[in-house]
Amino acid sequence: MAQVHCIALISLQGFLWMVAQAYGYGGWQSGHATFYGGSDASGTMGGACGYGNLYSQGYGTNTAALSTVLFNNGLSCGACYEMKCNDDPQWCLPGTVRVTATNFCPPNYALPNNNGGWCNPPLQHFDMAEPAYLKIAKYRSGIVPIVYRRVPCLRKGGIRFTINGHSYFNLVLITNVGGAGDVNGVWIKGSRTGWQAMSRNWGQNWQSNSYLNGQSLSFKVTTSDGRTTVSYNVAPSNWQFGQSFEGRQI
């Protein structure tokens, strides 16, 4: 049985390597990491990406808030990173951890970049959920140097579309996106309309000002690596605001 698990793990690692090479991931870069949110990561809920409850959305505690340069005004929401503590024997732990970008670490211009202004431009910094941070560094370290790289996101199930707002203001939260993870284009189609581009409102909330009540809804999603998936009639014609629907995965 142990041999079977080992073969499966090697196969998964090989698959991830092939995906990473195919879509241009990889390339370790230097940065720093701190942590926030408490031992249960409850303080990481909500956030600038709009995901709300990270537990129920499937992101769990392996999450991070990104500094200004990495957050890219919210376009990096949903992206996945692998990181490891680097060159600090006193505080580093062996191994790597994978996190999803779910929040923004705001700059603090009142403090210097090397003493409290960790998320100021142009620093590449991750303020990690505490449980994720403790997988690569000791609690008392406070801040550690890291190396990190973009990696493909692995998600269970399909992309989820949560429809909020009201008539003439459809605000759709897009979560659980695999592959690149970060969405940079969304289109919506009612059963009585053609495809219409949505505009990004904030985080991964995308809006349409069309009246789409009483129509089944289809969505087209494009991630930062150029891959596109189409989910036809994912929401039935009797959908209601506040409901979530699952479509195809990237």
Side-chain angles (χ1 to χ4, degrees), residues 20 23-37 41 43-51 54 59 61-88 91-92 96-133 135-137 141-153 173-175 177-186 199-206 221-227:
Y23 293 100
Y25 301 103
W28 293 98
Q29 300 181 64
S30 297
H32 285 83
T34 48
F35 64 89
Y36 78 117
T44 67
M45 299 299 113
C49 291
Y51 293 143
L54 300 178
Y59 297 115
T61 60
N62 277 16
T63 62
L66 273 55
S67 62
T68 305
V69 67
L70 292 173
F71 191 66
N72 194 22
N73 291 317
L75 286 174
S76 295
C77 288
C80 294
Y81 300 84
E82 181 181 19
M83 60 189 63
K84 55 186 175 182
C85 192
N86 184 52
D87 198 29
D88 193 342
W91 301 117
C92 287
T96 66
V97 65
R98 288 172 175 246
V99 299
T100 302
T102 59
N103 203 355
F104 174 51
C105 180
N108 186 346
Y109 296 114
L111 296 175
N113 289 10
N114 62 353
N115 188 20
W118 312 124
C119 292
N120 295 347
L123 299 182
Q124 299 179 95
H125 189 90
F126 296 83
D127 198 16
M128 303 169 65
E130 183 178 324
Y133 182 89
K135 293 178 180 178
I136 61 170
S141 58
I143 180 171
V144 291
I146 61 166
V147 289
Y148 73 93
R149 62 182 177 180
R150 282 286 301 272
V151 291
C153 300
L173 172 63
I174 299 178
T175 58
V177 181
D182 50 346
V183 175
N184 65 6
V186 181
S199 59
R200 193 171 64 88
N201 187 292
W202 66 281
Q204 283 299 349
N205 285 282
W206 295 74
V221 174
T222 298
T223 48
S224 64
D225 58 1
R227 299 177 69 189

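This structure is a prediction, so every number in the text was calculated from the model and none was measured. The figures here come from the full heavy-atom set of this structure, side chains too, leaving out hydrogens, waters and symmetry mates.
- Among all heavy-atom pairs drawn from Asp127 and Tyr36, the shortest one is O-CE2, 3.2 Å.
- Here the closest non-hydrogen pair linking Ala41 and Pro131 is CB-CD, 4.0 Å.
- A donor-acceptor pair under 3.5 Å links the side-chain atoms of Asn62 to the main chain of Arg98, judged by distance alone.
- Interatomic distance, SG of Cys49 versus CG of Leu173, reported as 10.0 Å (0.5 Å rounding).
- Here OG1 of Thr61 is found 5.5 Å from NZ of Lys135. Values are rounded to the nearest 0.5 Å.
- To the nearest 0.5 Å, atom CH2 of residue Trp91 and atom SG of residue Cys85 are 11.0 Å apart.
- Side-chain contact between Phe71 and Asn103 is absent, with no heavy-atom pair separated by less than 4.5 Å.
- Among the candidates Thr44, Thr63, Thr175, the single residue satisfying the side chain to side chain contact (heavy atoms under 4.5 Å, CB included) test with Thr102 is Thr63.
- Annotation: side-chain hydrogen bond (donor to acceptor under 3.5 Å, both in side chains) contacts of Glu130 (sequence neighbours excluded): none.
- The aromatic rings of Tyr81 and Phe126 lie perpendicular to each other, with more than 60° between the two planes, well past the 30° mark.
- The two atoms that bring Tyr51 and Cys77 nearest to each other are OH-C, 3.4 Å, heavy atoms only.
- The closest side-chain heavy-atom distance from Cys92 to Asp87 is not below 4.5 Å.
- Remark: Val69 engages Ser67, Gln124 in a side-chain contact (heavy atoms from CB on, under 4.5 Å) (not counting sequence neighbours).
- The shortest side-chain heavy-atom distance between Val177 and Gln204 does not fall under the 4.5 Å cut-off.
- In this structure, Val99 and Ala132 approach most closely via the heavy-atom pair CG1-CB, 4.1 Å.
- With values rounded to the nearest 0.5 angstrom, Met128 atom CE is found 10.5 Å from Phe35 atom CZ.
- The main-chain N or O of Asn108 is found under 3.5 Å from a side-chain atom of Asn120 such that the two form a donor-acceptor pair.
- Once rounded to the nearest 0.5 Å, the distance linking CG of Asn114 with NE2 of His32 reads 9.5 Å.
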Problem - side chain to side chain contact (heavy atoms under 4.5 Å, CB included) between Ile136 and Ile146, intermediate numbers included - result: CA-CA 9 Å; Ile136 61 170; Ile146 61 166; 4.2 Å; yes

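- Residues passing the salt bridge (Lys or Arg N to Asp or Glu O under 4.0 Å) test with Asp182 are Arg150, sequence neighbours excluded.
- The main-chain N or O of Leu70 is found under 3.5 Å from a side-chain atom of Ser76 such that the two form a donor-acceptor pair.
- Proximity of a side-chain donor or acceptor of Tyr59 to a complementary backbone N or O of Gly78 within less than 3.5 Å is not detected.
- Rounded to the nearest 0.5 Å, atoms CZ (Arg200) and CD1 (Ile174) are 11.0 Å apart.
- Listed here is the closest heavy atom pair of Ile143 and Tyr133: N-OH, 3.5 Å.
- Other residues, nucleotides and ligands contribute over 12 non-hydrogen atoms within 6.0 Å of the CG atom of Asp88.
- Heavy-atom minimum distance, Cys153 versus Ala79: SG-C, 4.0 Å.
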